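Predicted, not measured: the structure shown is a model, and the values here were computed from it. Every chain is numbered from 1 and lettered A, B, ... according to where its sequence line falls, protein lines coming before strand lines.
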Amino acid sequence: MRAARGGGTAAAAPPIGALLRWFARAARPLPWRTRRTPYRVTVAEFVLQQTRVETAAPYFRRFVRRFPSWRALARAPRSEVLKAWEGLGYYARARRLHELARRLVRDHRGRLPADPERLRDFPGMGPYVAAAVASLAFGAPVPAVDGNVRRVVSRLLARDVTDDEGREILAGWMAGRPAGRFNEAMMELGALVCRRRKPACGVCPLRRGCRAFAAGDPVAWPSPRRRRRPPRILVGAAVTIDGRGRVLVARRRDGDMLGGLWEFPGGKVEPGESVTRCIRRELMEELGLEVEVGPEAARVRHDYSHFGIDLRAHWCRPLRGVPRPIGCAAVRWIRPADRGRLAFSRADLRVWEALERAPAAGQREGASPQQPRAARIASSTCPGEAPRGTAARRRSARPGSTSVPAVS
DNA sequence: GAAACGTGGAG
DNA sequence: TCTCCAAGTTT
């Protein structure tokens, strides 16, 4: 308790024993805390990146049920992995996890290395996840510094602490302790007690050694980071219905934002351009399809991480040409009832919901006469619903059975 | 180092 | 309505 008196860089070790005892008592029964296999630990860490526990938990359960092992995940098609990720965001995580599984099965007999340095070589394995997996799944003595831990250490020292500093400091504190439990206890403390707002210092097992608590203003650390207001853009999208009541959808390219997900084709409205003209232009550019644009079918405001969109979806009718994947990865005509088989982003899911709420929108008085009749939009599966694993797998008809010819 | 990358909850 | 950001990684 008397260490680091002279204001040096070394920090007095907080009462780690008290922390571990608190954790043994207060730890939440989270789904990834049962059966700590390397696979389940890894899936959990991917799902949890930048994502709240309450949001991640149902996705984790569904994901490991549908893909119970590295091998099961490796042999699944990309589209199914993305479907399991639908609505969760940061879809590159799903692509990387899938790639990780395939590389593991192909080159490493489906076994994850226990060494955090070697874990770093795999896609999606950054400094935090590699340390978390190494310590939680294999007991490797490496500190895992996530947002929670960084906040806890910053407050203990009453100054902003970088990840590198945090790892160095924590390496000393964790010496001789079970690494996995130590890391998890630090994270759990940050999540339940040392919260960003309204920290519960009264019940904190570490308050005895906490400089922020001593200073009387724990929320002062870590200091908030400034960010600028994200821009908002106007986007036009086409709800194109063919003569058989099918809807035109396009798959975004991997590597693009929302890569691999399906969407109503469209794009950004250029300055001075009308939404209608934008939709006509985008469908010609991306699909080589000429359409007639009718009245608005849905309006969705949506915020992404670094910008927002005002999405205007319009009923459209194909006029000339066969849709080809020119500016996208693939294109299909689908029955509305089948849309649940494809993965869409949240914004496009909201468009679908709006279409289902008002299927007769195109037939209201005043609507153009060229409106598609019988464009009845039937409900289908949404993210967050019960898993549809076996049923989906058993289906004989693949979504592609209605695809337009000559598209890859 | 900064920006890109989704979504939803809290205040 | 608006701001901030959560079990981060990649480029």
Side-chain angles (χ1 to χ4, degrees), chain A residues 27-28 30-33 36 40-60 82 85-97 99-100 119-137 143-152 162-164 166-167 180 182-192 194-198 219 222-232 252 254-261 263 300-311 343-350 382-384:
Chain A
R28 293 166 293 179
L30 301 174
W32 42 85
R33 287 184 172 159
R36 276 252 182 242
R40 289 169 58 89
V41 170
T42 305
V43 171
E45 295 305 335
F46 272 71
V47 168
L48 282 162
Q49 285 171 38
Q50 297 288 281
T51 304
R52 284 185 167 69
V53 162
E54 314 83 69
T55 304
Y59 278 91
F60 171 83
L82 282 174
W85 214 268
E86 183 185 52
L88 189 56
Y90 283 137
Y91 299 94
R93 291 181 293 173
R95 298 196 299 270
R96 290 174 190 140
L97 181 58
E99 177 58 28
L100 166 55
L119 287 170
R120 287 297 306 277
D121 293 336
F122 292 94
M125 286 277 190
Y128 163 74
V129 173
V133 170
S135 62
L136 297 175
V145 178
D146 71 340
N148 282 313
V149 175
R150 187 167 46 251
R151 181 172 60 255
V152 171
T162 68
D163 287 0
D164 282 337
R167 279 187 279 277
F182 174 87
N183 283 334
E184 216 171 359
M186 289 291 294
M187 290 189 273
E188 193 78 335
L189 187 74
L192 297 183
C194 197
R195 300 174 294 230
R196 190 170 60 89
R197 286 176 289 219
K198 300 200 298 182
V219 295
S223 48
R225 49 175 198 148
R226 17 76 183 146
R227 61 177 66 188
R228 35 169 217 270
R229 254 271 263 333
R232 182 169 296 281
R252 299 176 62 89
D254 279 9
D256 284 3
M257 183 177 168
L258 306 173
L261 297 190
E263 66 176 4
V300 172
R301 261 172 81 99
H302 188 75
D303 291 316
Y304 295 108
S305 53
H306 54 300
F307 69 96
I309 61 170
D310 186 353
L311 179 61
F344 290 85
S345 77
R346 190 58 87 192
D348 283 79
L349 287 171
R350 300 235 187 281
C382 296

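In terms of polar N and O atoms assigned as donor or acceptor, the side chain of T51(A) never comes within less than 3.5 Å of the base of dG8(B) in a complementary pairing. With hydrogens and angles ignored, no donor-acceptor pair closer than 3.5 Å exists between the side chain of Q49(A) and the base of dG8(C).
Proximity note for R228(A) (side chain, C-beta onward) versus dA3(B), dA7(C), dC5(B): the nearest is dA3(B). When the nucleotides dG6(B), dT9(C), dA7(C) are ranked by their closest atom to the side chain of R96(A), dT9(C) comes out on top. Across dG6(B), dC2(C), dA7(C), the shortest atom-to-atom separation from the side chain of R301(A) is found for dC2(C). The side chain of S345(A) approaches dT7(B) more closely than any other nucleotide in the set dA7(C), dT9(C), dT7(B). Of the candidate nucleotides dC5(B), dC2(C), dA7(C), dC5(B) has the atom nearest to the side chain of M257(A).
Annotation: of the two residues near DNA chain C, P224(A) and Y90(A), the 5′-most nearest-nucleotide partner is P224(A). Take the nearest nucleotide of DNA chain C for N148(A) and for P123(A): the residue whose nucleotide is more 5' is N148(A).
Other residues, nucleotides and ligands place no more than 12 heavy atoms under 6.0 Å from the CZ atom of R225(A). The environment of R301(A) atom CZ is sparse: at most 12 non-hydrogen atoms of other residues, nucleotides or ligands sit within 6.0 angstrom.
Ring orientation note: the planes of Y304(A) and F307(A) are tilted relative to one another, at an angle of 30° to 60°.
Between H306(A) and dC5(B), a side-chain N or O to OP1/OP2 separation shorter than 4.0 Å is present. Taking only side-chain nitrogens and oxygens, H302(A) comes nearer than 4.0 Å to OP1 or OP2 of dT7(B). For dT7(B), neither phosphate oxygen OP1 nor OP2 lies less than 4.0 angstrom from any side-chain nitrogen or oxygen of R350(A). Residue Q50(A) has a polar side-chain atom (N or O) positioned under 4.0 Å from OP1 or OP2 of dG8(C).
Atoms CD (E188(A)) and P (dA6(C)) sit 16 Å apart, rounded to a whole Å. As rounded to whole Å, 8 Å separates atom P of dG8(C) from atom CZ of R150(A). Remark: P of dC5(B) and CG of L48(A) are 23 Å apart, rounded to the nearest angstrom. Summarising the geometry, the separation between CZ on F46(A) and P on dA7(C) is reported as 18 Å, rounded to the nearest angstrom. The CG-C1' distance, from L88(A) to dC5(B), rounds to 13 Å in whole Å. Nucleotide dG6(B) holds its P atom 14 Å from the CD atom of E86(A), rounded to whole Å. At whole-Å resolution of the value, CH2 in W85(A) and C1' in dT7(B) are 13 Å apart. When rounded to the nearest whole Å, the span between CG of N183(A) and C1' of dG8(C) equals 15 Å.
Counting only distance, with no hydrogens or angles, the side chain of R252(A) and the backbone of E263(A) share no donor-acceptor pair below 3.5 Å.
Using a 4.0 Å heavy-atom cutoff across all strands shown, V149(A) reaches no nucleic acid atom at all. Contact annotation for R33(A): base contact, defined as any heavy-atom pair under 4.0 Å involving a base atom. Within the nucleic acid shown, I309(A) has no heavy atom closer than 4.0 Å to any nucleic acid atom. Using a 4.0 Å heavy-atom criterion, one finds that W32(A) contacts the bases of the nucleic acid, with or without backbone contacts as well.
Nearest heavy-atom pair, A131(A) versus A144(A), reported as atom, atom and distance to 0.1 Å: CB-CA, 3.9 Å. What you find for A132(A) and V41(A) is that their closest heavy atoms are O-CG1, 4.4 Å. Between H302(A) and R232(A) the shortest heavy-atom distance is O-NH1, 3.8 Å. The shortest heavy-atom contact between Y90(A) and S305(A) is OH-CB, 4.2 Å.
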Any N/O pairs under 3.5 Å between the protein and nucleotides 9-11 of chain B? List them or say none.
none

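Rounded to a whole angstrom, the distance from the P atom of dA7(C) to that of dG1(B) is 23 Å. Between dC2(C) and dC5(B), the two P atoms lie 23 Å apart (nearest whole Å). Comparing the same atom, P, in dG6(B) and in dT1(C) gives a spacing of 25 Å after rounding to whole Å.
The shortest side-chain heavy-atom distance between F122(A) and R96(A) does not fall under the 4.5 Å cut-off.
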